[in-house]
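The chains referred to below are lettered A, B, ... by the order of the sequence lines, with proteins before strands, and numbering in each begins at 1.
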2 protein chains.
Amino acid sequence: MAVKSEHIPKATIARLATYIQVLSEFKREGTDVVSSERLAEACSVNSSQIRKDLAYFGEFGVRGVGYYVQDLITSIKRSLGIDRAWNCALVGVGNLGRALLRHREFSRKGFIIRGAFDCDPYKIGEVVEGMEIVCSRQLPAKVKELSLEIGVITTPPERAQRAANYLVGAGIKGIINFAPARIAVPKHIHLEYVDFFHYFYAAAFHIRFDDNRD
Amino acid sequence: MAVKSEHIPKATIARLATYIQVLSEFKREGTDVVSSERLAEACSVNSSQIRKDLAYFGEFGVRGVGYYVQDLITSIKRSLGIDRAWNCALVGVGNLGRALLRHREFSRKGFIIRGAFDCDPYKIGEVVEGMEIVCSRQLPAKVKELSLEIGVITTPPERAQRAANYLVGAGIKGIINFAPARIAVPKHIHLEYVDFFHYFYAAAFHIRFDDNRD
DNA sequence: GGGATTCTGTTATAAATTTCACAAGTTAGG
DNA sequence: CCTAACTTGTGAAATTTATAACAGAATCCC
Ligand SMILES: NC(=O)c1ccc[n+]([C@@H]2O[C@H](COP(=O)([O-])OP(=O)(O)OC[C@H]3O[C@@H](n4cnc5c(N)ncnc54)[C@H](O)[C@@H]3O)[C@@H](O)[C@H]2O)c1
Ligand SMILES: NC(=O)c1ccc[n+]([C@@H]2O[C@H](COP(=O)([O-])OP(=O)(O)OC[C@H]3O[C@@H](n4cnc5c(N)ncnc54)[C@H](O)[C@@H]3O)[C@@H](O)[C@H]2O)c1
């Protein structure tokens, strides 16, 4: 059992990702032990928050001492389910899809893009970063053959639903959708939307209207 | 005055971005009027949530009728401060930076990348999507000359702080950081972190541990 | 060895956010 | 003109999330 608690807030998951990032940095710097207070400062959160977030999954620290950096990284990774590799399918090999394919960090962090799919006949057969682009129709076969579990959608928005349908039909377990379109999937499929514009809108809003406040 | 209320939840801003996306889709389909109930369903949220989110900014609907799609899009855009163009500086023209530069949607939505900066002498002078890559040292001059307000960091993580320093020194007002590194900026600078791994981690976690729940 | 100090895990408290419930405004139809 | 059917905007209630406070455990130093 990886969790002690029933429901984990979405915000906690997001923060755990940040903790891993910052802890990895501490590790590179040669820091062996860190207190929740010090980690909190580096992550711009409250130290109770960190202890609370971790408490959802177990007891990873030592009272009077703090957290052993390497151990905590390992514990958080196990808690998140990223203590093993995940095979991913990339659907839509355009500008963004190529950037993702070429990004070494994904496989280093355990998310391995093992299949790249597109429907454009001019792209099929092309090799990007050692990976041959295959026709989307081969999704069912490839998902099975390569045990692909996570589908990454980087098609134009009007094609996102179709891509999702292929992925779901092929037996994928979760989808990360980079296209700015809402899609419908059966509720046992986990779905994450990544919309860059959220961040640009938030920046614009705060720059424009925060002047007097804050 | 764009807001009625003092503080707007971060989650509200994110949802408003979704509302715009879905409303634009309705508009394309030729729908003129929409109820909060119908919009809520398309956005997978509660209809009270929508009415509450909008209430932070004003009264945009008509009782007994609903919301006029085009009017609501306009109102939300004004509320978010995206009823005008924002000039952006892209720092780090690698895989991801290029994908962003080539993405037409940014300028269509009012975020215009007017300067592309890199420190690699082999890249300086190269033209990507009609934009000449300039040396990062020219940031102060260009930010002033082109009225750049938002800085987009797509450098490797270990260079993100330096890129941020350049941007802040040059007088930028907000930063969107795509590099997986925490950075420090003066508190009048608005900072958004975009970390793709958040989404991958969340997907992995839910796929692995949600089976019995939900 | 013991007292001071540090720091976690957890309970209690506070704050924020979401959902509910309904008065009030709108339209349509007879 | 009046009733029935809708739908918004909003205060109150419920829920969720974050912060504070502190008992319990470990270390250090004399
Ligand atoms: N490029 C960016 O920086 C960026 C930023 C934010 C969001 N996005 C979003 O990401 C998505 C991809 O953007 P892009 O710039 O890479 O677009 P793109 O047009 O360069 O690439 C889209 C690719 O998807 C393929 N495709 C279309 N339908 C398909 C289908 N049914 N099955 C498989 N492949 C299919 C196309 O052949 C093409 O290769 C878009 O939805 C875009 O809005 C992109
Ligand atoms: N490529 C992806 O799909 C992807 C996905 C998620 C996150 N990221 C993150 O985005 C960032 C960029 O990724 P990438 O794949 O484009 O890397 P990349 O190495 O292809 O590009 C980085 C660019 O930044 C430039 N650079 C380095 N230091 C600079 C400085 N001080 N000033 C200006 N330019 C500088 C480099 O010359 C290079 O052109 C990284 O931090 C990466 O972790 C990338």
Side-chain angles (χ1 to χ4, degrees), chain A residues 3-19 23 26 31-76 79 198 202 213-214, chain B residues 3-19 23 26 31-76 79 198 202 213-214:
Chain A
V3 293
K4 278 169 64 178
S5 180
E6 198 61 22
H7 165 82
I8 315 282
K10 210 177 166 55
T12 290
I13 302 292
R15 281 190 298 265
L16 289 175
T18 303
Y19 303 159
L23 286 166
F26 281 150
T31 307
D32 289 330
V33 180
V34 75
S35 69
S36 59
E37 190 58 47
R38 185 140 139 52
L39 179 57
E41 199 192 321
C43 300
S44 313
V45 299
N46 184 294
S47 66
S48 297
Q49 183 76 82
I50 291 189
R51 298 197 298 276
K52 197 61 164 287
D53 284 339
L54 297 176
Y56 284 118
F57 299 94
E59 303 189 5
F60 306 129
V62 184
R63 292 177 186 206
V65 179
Y67 301 90
Y68 292 99
V69 173
Q70 179 56 66
D71 287 357
L72 187 53
I73 292 174
T74 306
S75 300
I76 296 178
S79 301
H198 279 22
R213 288 187 293 280
D214 196 302
Chain B
V3 293
K4 279 169 65 178
S5 180
E6 198 62 23
H7 165 82
I8 315 282
K10 210 177 166 55
T12 291
I13 303 292
R15 281 190 300 266
L16 289 175
T18 303
Y19 303 159
L23 287 166
F26 281 150
T31 308
D32 288 331
V33 181
V34 75
S35 69
S36 58
E37 192 57 48
R38 185 139 138 53
L39 180 56
E41 199 191 321
C43 299
S44 313
V45 300
N46 185 292
S47 66
S48 298
Q49 183 75 82
I50 292 189
R51 298 198 297 277
K52 197 64 132 193
D53 284 339
L54 297 176
Y56 284 118
F57 299 94
E59 302 189 6
F60 306 129
V62 184
R63 292 177 186 208
V65 179
Y67 301 90
Y68 292 98
V69 173
Q70 178 56 67
D71 287 358
L72 187 52
I73 292 174
T74 306
S75 299
I76 296 178
S79 301
H198 280 22
R213 289 185 291 280
D214 196 300

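- Among the heavy atoms of the strands, none lies under 4.0 Å from A/Ser47.
- The distance from the OH atom of A/Tyr68 to the OG1 atom of A/Thr74 is 14.0 Å, given to the nearest 0.5 Å.
- Considering CD1 of A/Ile76 and CG of A/Asp71, their distance stands at 11.0 Å, rounded to 0.5 Å.
- The shortest distance between the side-chain N/O atoms of B/Tyr67 and the OP1/OP2 oxygens of D/dG9 is below 4.0 Å.
- Going from atom CG of B/Leu54 over to atom OG of B/Ser75 covers 8.5 Å, rounded to the nearest 0.5 Å.
- For the atom pair OG1 (B/Thr12) and OH (B/Tyr56), the distance works out to 4.5 Å, reported to the nearest 0.5 Å.
- When the C1' atom of D/dA18 is taken as reference, atom OH of A/Tyr56 falls 9 Å away, rounded to whole Å.
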Protein within reach of the bases, or only the backbone? For nucleotides 20-30 of chain D, mark each nucleotide 5' to 3' as B, S or -, using heavy atoms under 4.0 Å. BB--BBSS---
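- Nucleotide D/dT8 holds its P atom 9 Å from the CG atom of B/Leu39, rounded to whole Å.
- Between the NZ atom of A/Lys10 and the CZ atom of A/Arg15 there is a distance of 13.0 Å, given to the nearest 0.5 Å.
- To the nearest angstrom, P of D/dT17 lies 11 Å from CD1 of A/Ile13.
- Rounded to an integer number of Å, the gap from NE2 of B/His7 to P of D/dT17 is 15 Å.
- Rounded to an integer number of Å, the gap from A/Gln49 CD to D/dT17 C1' is 8 Å.
- The nearest whole Å value for the distance from the CG atom in A/Asp53 to the P atom in D/dT16 is 17 Å.
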Please report the C-alpha distance between A/Tyr19 and A/Leu72 in whole Å, then the side-chain angles of each, then the deciding distance to 0.1 Å, and finally whether the side-chain contact (heavy atoms from CB on, under 4.5 Å) criterion is met. CA-CA 9 Å; A/Tyr19 303 159; A/Leu72 187 53; over 6 Å; no
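- If you measure from atom CG of A/Leu54 to atom P of C/dC7, you get 16 Å, rounded to the nearest angstrom.
- The distance between atom NZ of B/Lys10 and atom C1' of C/dA15, rounded to the nearest whole Å, is 18 Å.
- In this structure, CZ in B/Phe60 is found 15.0 Å from CZ in B/Arg51, a value given to the nearest 0.5 Å.
- Residue contacts for B/Arg38: at a heavy-atom cut-off of 4.0 Å it reaches no nucleic acid atom on any strand shown.
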